[in-house]
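What follows is a set of notes on a single structure, which appears directly below.
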Amino acid sequence: MTSKKIINKADKVFQILRKEYPDVVTQLDHENPFELLVATILSAQCTDARVNIVTKDLFKKYIIPKDYISVPVEELEKDIFSLGFYRQKSKSIRNMCVELIENHCGEVPADFDKLTKLSGVGRKTASVVAANAFNIPAIAVDTHVKRLSNLIGLTVNKNPEKIEADLKELLPKEEWKDSSHWLIMHGRNICIARRPKCAECKITKYCDYFNSK
DNA sequence: CTCCCGATAT
DNA sequence: ATATCAGGAG
C-alpha cells in the first residue's frame, strides 16, 4: 500500500533527480559481467573508488573464474586486503567461482534468482549485476538508497528488501536501474551521510528530513 | 542478532 | 576518537 502523498512526492523527487543526473552508470570499473560481479562483491562496506584501485591490477591477474581458484587463498586475500573484510570476500569469490564453473558453465547467469544463490551475493549485489551487466530491471538498495529513501520519506520501512519493493511500486520498470543510480549519486554528492548539504539540495521541498528540522 | 575489517572524513 | 563506506553469511 502506497499513499497518494508518497506517490506524488516520488514523482517530484525523481523528476528533479532525473534532470540532475542525466547520464548515470555504475562507478565500478569493469569490462564484462564477471568483472562486475567480482567488483560488486568487493564493494561491500567500501567505496567504489577504492575497489577500482584494487581491481585495476586484480583484473589483469585474474581473468576467468578458474584463475581465482588456482592460487592459494592467502594470495587472493593479500591482493584484496586493503578493501577490508578480505577473508570473507576471498572465500566468497572463490566459492562463487566454483559455483559458476560447476553450475553455470563458467558464465555469470543473467538471472536475478540464480545470482542471489551464488556465494557472497545478496539482493544488492545481484541487483547491481542484473541491472548493469544484463539490463534486467532491478533496484539495488545499498546504504545510500536506504538512507535517502528514509530521509526523503519515499518509504517508512527500514528493511532493504521492503524498501526495494516500495521503490519498485513508485517507478516504472524502465527507471528501476537509473533510479538507484540517481539516489546513489545524490547520496554521494549532496545528501552525504556524515554531513548532508541541505543548502545545495534541490529536493528539500519534498524531503521529510529537511522539513522536520 | 553478531561477525567480518581496512581506509577515510570529520 | 568515532562514524561511515555501493553488504552478506551464520
Side-chain angles (χ1 to χ4, degrees), chain A residues 17 21 23-30 33 35-58 68 73-74 76-100 108 112-134 136 138-152 154 157-165 167 176-200 209:
Chain A
L17 294 180
Y21 310 105
D23 299 305
V24 279
V25 287
T26 305
Q27 298 302 113
L28 290 170
D29 293 340
H30 66 283
E35 286 189 356
L36 180 59
L37 177 55
V38 173
T40 311
I41 291 174
L42 291 174
S43 77
Q45 292 295 105
C46 142
T47 62
D48 287 7
R50 281 176 42 221
V51 172
N52 290 339
I53 293 171
V54 167
T55 55
K56 190 175 183 220
D57 292 326
L58 195 75
Y68 288 94
V73 65
E74 294 78 13
L76 182 55
E77 287 178 357
K78 224 177 93 184
D79 288 336
I80 66 169
F81 175 82
S82 68
L83 299 179
F85 297 132
Y86 58 92
R87 273 190 271 265
Q88 298 267 108
K89 289 174 181 175
S90 296
K91 197 190 296 178
S92 291
I93 289 173
R94 283 174 63 91
N95 290 339
M96 178 273 287
C97 287
V98 170
E99 291 154 12
L100 284 187
V108 180
F112 179 84
D113 291 323
K114 287 177 183 167
L115 284 166
T116 57
K117 291 192 175 73
L118 295 169
S119 287
V121 180
R123 293 191 71 86
K124 180 260 176 179
T125 299
S127 294
V128 168
V129 174
N132 296 286
F134 300 117
I136 298 170
I139 296 182
V141 178
D142 64 2
T143 182
H144 292 302
V145 174
K146 178 179 190 291
R147 186 179 71 257
L148 269 69
S149 297
N150 286 139
L151 288 178
I152 297 166
L154 296 173
N157 289 308
K158 307 293 181 190
N159 177 299
E161 192 167 344
K162 288 185 178 174
I163 295 173
E164 181 187 328
L167 291 176
W176 285 2
K177 174 174 78 171
D178 285 353
S179 66
S180 53
H181 284 144
W182 297 331
L183 291 172
I184 290 162
M185 292 296 288
H186 200 64
R188 277 212 296 253
N189 298 330
I190 307 293
C191 193
I192 302 164
R194 301 175 203 263
R195 182 198 291 257
K197 298 179 180 174
C198 293
E200 300 174 35
Y209 170 71

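In what follows, chains carry the letters A, B, and so on, assigned in the order in which the sequence lines appear, proteins first and then strands, with residues in each chain numbered from 1.
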Ranking C:dC5, C:dG7, C:dA3 by distance to the side chain of A:T47, first place goes to C:dC5
Taking the side chain of A:Q45 as heavy atoms from C-beta outward, which of C:dG8, C:dC5, C:dA3 is closest to it?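 For the A:Q45 side chain, the nearest candidate turns out to be C:dC5.
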Backbone of A:V141 reached by a side-chain donor or acceptor of A:R123 within 3.5 Å: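 Not a single qualifying donor-acceptor pair exists.
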Tell me the interatomic distance from [X], atom [atom1], to [N], atom [atom2], rounded to whole angstroms.
| X | N | atom1 | atom2 | value |
| --- | --- | --- | --- | --- |
| A:K91 | C:dG8 | NZ | P | 17 Å |
| A:I41 | C:dG7 | CD1 | P | 13 Å |
| A:E161 | C:dG7 | CD | C1' | 14 Å |
| A:N95 | C:dG10 | CG | C1' | 14 Å |

Sequence neighbours excluded - salt bridge (charged side-chain N to carboxylate O under 4.0 Å, His left out) pairs with any residue from residues 113-122 of chain A: none
Quote, to the nearest angstrom, the P distance that separates C:dA3 from B:dT2. 16 Å
For nucleotides C:dT2 and B:dC5, find the distance between their P atoms and express it as a whole number of Å.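 So the two P atoms sit 22 Å from each other.
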On the 0 to 90° scale, with breaks at 30° and 60°, tag the A:Y86-A:F81 ring pair as parallel, tilted or perpendicular.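 If you compare the ring of A:Y86 with that of A:F81, the planes turn out tilted.
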Any A:R147 side-chain N or O less than 4.0 Å from OP1/OP2 of C:dC5: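 Indeed, a polar side-chain atom of A:R147 lies that close.
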Short side-chain N/O contact to C:dG8 OP1/OP2 from A:T125, under 4.0 Å: yes
Tell me what A:L118 touches on the nucleic acid: a base, only sugar-phosphate, or nothing, going by heavy atoms under 4.0 Å.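 Contact class for A:L118: sugar-phosphate only.
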5' to 3' contact window, DNA chain B with chain A (heavy-atom distance under 4.0 Å):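 Contact span on the strand: B:dC4 to B:dT10.
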